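Working notes, beginning with the structure itself.
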Amino acid sequence: EEADVRAFLSKHYTPERILCLWKDGRIVTMGSLFPLSDGGVYLYAFATRKECRGQGYGKSFLKRVTEIAGSVLLQPSQNGVAAWYESMGFAVIPKEELFAALEVDGFSELTDGPFEGMKYSV
């Protein structure tokens, strides 16, 4: 919803939180990185343009995020993508565990999705 996007941007947006993968002058993949007190990050609103999916941009983006922060938490926004994240080295964690981890840093409001969380650790 547009109201949700506006609320997110007004409360959480800062340029240094947004990581983008560009090609030919346009963003093909992006996500918001929220630093966590344990040294990891929470990856929120990770997306690839529809016409660019299946070309490896998402994998390249996630590889870079895991290089930046050895530990990454996220919550898929769609059913059925957990297997794709698992192929990238992520493990499924219960929603409650994700919520508890994010609550410590004040980001628990960003975990309203219906799906389990995912965690990557080196």
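This is a predicted model, so every value here is computed, not measured.
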Say you draw a straight line from [atom1] of [X] to [atom2] of [Y]; how long is it, rounded to the nearest 0.5 Å?
X	Y	atom1	atom2	result
L98	E116	CG	CD	9.5 Å
R17	L33	CZ	CG	10.0 Å
L102	S108	CG	OG	7.0 Å

Taking all atoms of both residues into account, what is the closest heavy-atom pair of [X] and [Y], and its distance?
X	Y	answer
V81	P76	CG2-CB, 3.4 Å
V72	F90	O-CE2, 3.8 Å
R49	I27	NE-O, 2.5 Å
G31	L43	CA-CD1, 3.9 Å
G39	A69	O-CB, 4.3 Å
M118	A82	CE-O, 3.6 Å

Contact list for residues 50-65, test side-chain hydrogen bond (donor to acceptor under 3.5 Å, both in side chains), sequence neighbours left out: K23-Y57, R26-E51, R64-E67

Answer yes if [X] and [Y] sit in the same cluster of Ile, Leu, Val, Met, Phe, Trp and Tyr residues linked by side chain heavy atoms under 4.5 Å apart, and no otherwise.
X	Y	value
F46	L21	yes
F99	F34	no
V65	V92	yes

query: What residue pairs, at least two apart or across chains, pass salt bridge (Lys or Arg N to Asp or Glu O under 4.0 Å) with a residue in residues 72-99?
result: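 Sorted pair list comes back empty.
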
task: Could you walk me through whether L19 and F61 pass the side-chain contact (heavy atoms from CB on, under 4.5 Å) test, one step at a time?
output: CA-CA 9 Å; L19 183 64; F61 182 92; 3.7 Å; yes

task: Look only at the side chain of Y42 and the backbone of L110, and say whether a donor-acceptor pair between them is shorter than 3.5 Å.
output: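 Yes: the side chain of Y42 pairs with the backbone of L110.
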
Backbone N/O of F107 and side chain of D105: donor-acceptor pair under 3.5 Å: no

query: Are V41 and L36 close enough that some pair of their side-chain heavy atoms sits under 4.5 Å apart?
result: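 Counting from C-beta outward, V41 and L36 never come under 4.5 Å.
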
message: Do L62 and Y85 have side chains that approach each other closer than 4.5 Å (heavy atoms only, starting at C-beta)?
response: yes

field: V104 vs S37, side-chain contact (heavy atoms from CB on, under 4.5 Å): CA-CA, chis, key distance, verdict
entry: CA-CA 8 Å; V104 169; S37 56; 3.8 Å; yes

